[in-house]
Amino acid sequence: MGKKQKVEAVTPMNEDFARWYTDVISKTELVDYSPVKGFMVIRPYGYAIWENIQKEYDKRFKETGHQNMYFPLLIPESLLKKEAEHVEGFAPEVAWVTHGGGKELAERLCIRPTSETIICSMYSKWLNTYRQLPFKYNQWCSVVRWEKTTRPFLRTSEFLWQEGHTLHETYDEAQEETMQMLDIYRDVAEEYLAIPMVVGKKSEKEKFAGAYSTYTMEALMHDGQALQSGTSHNLGQHFTKAFEISYLDRENNQANPYHTSWGISTRLIGAIIMVHGDDNGLVLPPKIAPTQLVIIPIAQHKEGVLDAAYEIKNSLKEKFRVELDDMDGYTPGWKFNQWEMKGVPIRLEIGPRDIEEGQCILARRDTGEKVQVSLEDLATTIEKLLDEIQDNMYQKALNMREQKTSIAEDMNEFKDNLTKNPGFIKAMWCGSRECEDKIKDETGATLRCVPFEQEVIGDGTCVCCREKANDMAYFARAY
RNA sequence: CGAGGUGUAGCGCAGUUUGGUAGCGCACAUGGUUUGGGACCAUGGGGCCGAAGGUUCGAAUCCUUUCACCUCGACCA
């Protein structure tokens, strides 16, 4: 018995993408707005998606030797200030606790915008010898960054995420860790979330405050805007020096370890919505959909229908995440729309006619296609179909991205592409901050990353200044 | 933080100009008829009109202050 729900149409994407997005997230009950601006309530359906994402990433972290920990929410101001670039980067968006127990505090405490500082201060206590290295820890928590413009999942003042923090003996080891984690991010995003990612390195301008270098995976949304979906930082020794993390190395000298951090957040849910969704609502990849299959009985008051539906549910529930919608007083059509909006990959219809024929109807959410299938070997059929849907969704998303990715050899072409076919623009870049800024000023597009997979566009000169360029970069307007 | 907009039932709105004690649609509850792509009939419950002050015999409506949310810009996972 589910509870009754609102039935309303979703604003078509082409009409108003922003409104489509808010319609979808509220009508499918993923989130609701809270009394405090920029803070959202993640409702059970949304949280279930997060749990499925979490589960897979957490598994991969553990497989690669990381352990989970938990560090405190509050960080003393003095700690936050220890790494200069870091404070500067985060200061504008930090929330402060100034009172406790009715009294003003001697030192104000910041609500973590990220935990490098508190973690490093603890690491400095714990690390003594190279024998203890590497440190490979992770925490699942929420962080607070006071944002001016907020949108559920995409930019909220508090968000759920995961932050890994590791220490290593050498730069190379830290670099290897940084790349390994980025690779895990990309792998799960592509295989589970069915979202193709562009991976590469951030520019100096866009990198994390206090990082030596930042790597990112970037996805492209339906409206042609890019979404930074996960970052992995090689922090070098910036923090370990500032926090005086040192140990006796193999030569019996005091040394500072090399440091990495990496994170993905509930923003990934925003990516799923905006990459796969359509005018009927959500389309969820089978591997992370809270419900993979919903059974809708037709004419459920008729004898035998509900029994048959329950029998099917029981036979499938071990293998799949199955729901049976046996709510009274709603027509099948209403339920079809409702579950489509929620993005459930497969709908199974079972009615009196099917029961007579020993069959049922399967309808897939990604294509809308309906097929009659025999009740025998139903589990096998469904398993195959779910795989097919997962693959098809990735392929569709990849096609969408490719269709929205163009190249530009000069600024006119750049601007033209951005207007006519908003999306990723691949262009040569000389590496200078001036050109990066100029491109942003003139077009609104930011440098998303310098991808690992390089190619030469046109004559190999910078799209902006026409000097010789060594790098090809992806540009886009971004969330 | 700049510019604009909106706050009246869970949601969407009317009522505000011209003050007279709150209404519509959907949703919700009950009963009945329905059920293969958003069914229908009947009955019913639900609102100190964002908040605080003021004007007035009387305020959703007029005045002042304040808070929140949305959209667009500048800044950001």
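We name chains A, B, ... by the order of the sequence lines, and we start the count at 1 in each one.
- Under the side-chain hydrogen bond (donor to acceptor under 3.5 Å, both in side chains) criterion, A/Asp187 pairs with A/Arg60, sequence neighbours left out.
- Looking at heavy-atom distances under 4.0 Å, A/Glu147 makes contact with a base.
- At a threshold of 4.0 angstrom between heavy atoms, the contacts of A/Gln300 with the nucleic acid are absent.
- Taking atom CD of A/Glu340 as the reference point, atom P of B/G38 lies 12 Å away to the nearest angstrom.
- The pair A/Lys202-A/Glu218 meets the salt-bridge criterion, with a side-chain N (NZ, NE, NH1 or NH2) lying under 4.0 Å from an Asp/Glu carboxylate O.
- The partner of B/U61 is absent, by the rule that a Watson-Crick or G-U pair needs both atom distances under 3.5 Å.
- Under the side chain to side chain contact (heavy atoms under 4.5 Å, CB included) criterion, A/Glu357 pairs with A/Gln359, not counting sequence neighbours.
- A cation-pi contact links A/Arg108 to A/Trp96, judged by a cut-off of 6.0 Å to the six-membered ring centre and 45° from its axis.
- For the P atoms, the distance from B/G37 to B/A29 is 24 Å, rounded to whole Å.
- A/Thr216 comes within 4.0 angstrom of no nucleic acid atom, judged by non-hydrogen atoms across all strands.
- By the 6.0 Å and 45° rule, A/Arg401 does not stack over the aromatic ring of A/Phe424.
- Both A/Lys370 and A/Ala478 sit near RNA chain B, but only A/Lys370 has its closest nucleotide nearer the 5' end.
- Every residue meeting the side chain to side chain contact (heavy atoms under 4.5 Å, CB included) condition with A/Glu85, not counting sequence neighbours, appears here in chain and number order: A/Glu83, A/Lys207, A/His238.
- Applying the side-chain hydrogen bond (donor to acceptor under 3.5 Å, both in side chains) criterion to A/Thr64, with sequence neighbours excluded, gives A/His66.
- No engagement by A/Tyr479 is indicated, since no non-hydrogen atom pair under 4.0 Å with the nucleic acid exists.
- If you measure from atom NZ of A/Lys302 to atom P of B/U35, you get 6 Å, rounded to the nearest angstrom.
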Sort me out a list of protein N/O and nucleotides 71-74 of chain B N/O pairs below 3.5 Å, or just none if empty.
residue, atom, partner, partner atom, Å
B/A74, N6, A/Thr149, OG1, 2.8

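- Across the strands present, B/G7 finds its partner in B/C67; the criterion is a Watson-Crick or G-U wobble pair with both atom distances under 3.5 angstrom.
- Shown here are the side-chain hydrogen bond (donor to acceptor under 3.5 Å, both in side chains) partners of A/His276, two or more places apart in sequence or in another chain: there are none.
- The pairing partner recorded for B/G46 is none, the criterion being a Watson-Crick or G-U wobble arrangement whose two distances lie under 3.5 angstrom.
- Judged by Watson-Crick or G-U wobble contacts below 3.5 Å, the nucleotide B/G12 has B/C24 as its partner.
- Applying the Watson-Crick and G-U wobble criteria (two distances, each under 3.5 Å), B/G73 pairs with B/C1.
- Spacing of P atoms, B/A22 relative to B/A59, comes out at 12 Å, to the nearest Å.
- Checked against the 6.0 Å centroid threshold, A/Phe208 and A/His86 count as a close aromatic pair.
- With rounding to whole Å, A/Trp334 atom CH2 is found 15 Å from B/G36 atom P.
- Within residues 345-353 of chain A, the residues that have a heavy atom under 4.0 Å from RNA chain B are, in order of number, A/Arg347, A/Glu349, A/Gly351, A/Pro352, A/Arg353.
- Stacking annotation: A/Phe159 is stacked on the base of B/A77 (ring centroids less than 5.5 angstrom apart, interplanar angle below 30 degrees).
- Atom-to-atom, CE of A/Met327 to C1' of B/U34 comes out at 16 Å; the value is rounded to the nearest Å.
- For the P atoms, the distance linking B/C40 with B/C26 amounts to 9 Å, nearest Å.
- In this view, A/Asp183 and A/Arg186 satisfy the side-chain hydrogen bond (donor to acceptor under 3.5 Å, both in side chains) rule, not counting sequence neighbours.
- Contact between the side-chain N/O atoms of A/Tyr330 and the OP1/OP2 oxygens of B/C28 is found at a separation under 4.0 Å.
- B/U43 and B/U66: their P atoms are spaced 49 Å apart (whole Å).
- Nucleotides B/U56 and B/G20 have their C1' atoms positioned 12 Å apart, rounded to a whole Å.
- Here A/Arg433 does not pair with A/Glu204 in a salt bridge; the nearest charged N to carboxylate O distance is not below 4.0 Å.
- For A/Thr331 and B/A39, the shortest distance from a side-chain N or O to OP1 or OP2 is below 4.0 Å.
- The base of B/G36 does not come close enough to the side chain of A/Lys335 for any donor and acceptor atom to sit less than 3.5 Å apart.
- Taking atom P on both nucleotides, B/C24 is separated from B/C67 by 35 Å, rounded to a whole Å.
- Nucleotide B/G37 holds its P atom 19 Å from the CE atom of A/Met341, rounded to whole Å.
- On the C1' atoms, B/G7 is 11 Å away from B/A60, given to the nearest whole Å.
- If A/Ala299 and A/Thr156 are placed on RNA chain B by their nearest nucleotide, the residue sitting closer to the 5' end is A/Ala299.
- Whole-Å rounding puts the A/Asn337 CG to B/A27 P distance at 14 Å.
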Show which side-chain atoms of residues 279-286 of chain A pair as donor or acceptor with protein atoms under 3.5 Å away, not counting sequence neighbours.
residue, atom, partner, partner atom, Å
A/Asp279, OD1, A/Met13, N, 2.7

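- For the pair A/Leu154 CG and B/A77 C1', the computed distance is 11 Å after rounding to whole Å.
- Taking atom P on both nucleotides, B/A74 is separated from B/G38 by 45 Å, rounded to a whole Å.
- A/Ser265 comes within contact range of at least one nucleobase, with a heavy-atom separation under 4.0 Å.
- Atom CD1 of A/Ile361 is separated from atom P of B/G36 by 13 Å (rounded to the nearest Å).
- B/G31: Watson-Crick or G-U partner is B/C41, with both key distances under 3.5 Å.
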